[in-house]
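See structure below.
FYI, the numbering just counts along the sequence from 1.
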Amino acid sequence: MSTGAWVALCGIAVVTKLSSSVDDIAWMLPYMKTLEWPVNAGLYVLLMECVVGVAVALSYGGREAVQSVLSDDGYWNSERVLSLVSGVLLTGYAIYLFYDWYTEEEEVVEEAVSYTHLTLPTKRIV
């Protein structure tokens, strides 16, 4: 492999890593096995960059929307309000995940208890 090709591949790897996380690369690997891998890889990276662009736009849009409502000289600036909202949403999501886990555990226990009345056939050896 020539030095130029190696540098190009390293550059592509760096851009891919910086624009996606490890789990994104794991999801992309099956699509890299086909003959159309350049198209698949390009489309995947393009779509992930679109997701990043939408997230950045929502972040700036949210900050500007909150700043238009709040004054700059008060205690509650846009950064604090957005931090509070994100904290409340993450706490709500954690409570939802805990509730889902807790009710799932009860279902598993109920299924295990429902089979306790069954008796297995046994054979006496002596």
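Under the side chain to side chain contact (heavy atoms under 4.5 Å, CB included) criterion, Y75 pairs with R80, not counting sequence neighbours.
Hydrophobic side-chain contacts under 4.5 Å tie L58 into a cluster, directly or through other members, with V54.
Residue E49 holds its CD atom at 11.0 Å from OH of Y44, rounded to the nearest 0.5 Å.
Using a 4.5 Å heavy-atom cutoff, the side chains of L97 and W101 are not in contact.
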Result block: side-chain N/O donor-acceptor pairs under 3.5 angstrom for residues 85-96, not counting sequence neighbours:
{"unit_1": "S86", "atom_1": "OG", "unit_2": "L82", "atom_2": "O", "d": "3.2"}
{"unit_1": "S86", "atom_1": "OG", "unit_2": "S83", "atom_2": "O", "d": "2.9"}
{"unit_1": "T91", "atom_1": "OG1", "unit_2": "G87", "atom_2": "O", "d": "2.8"}

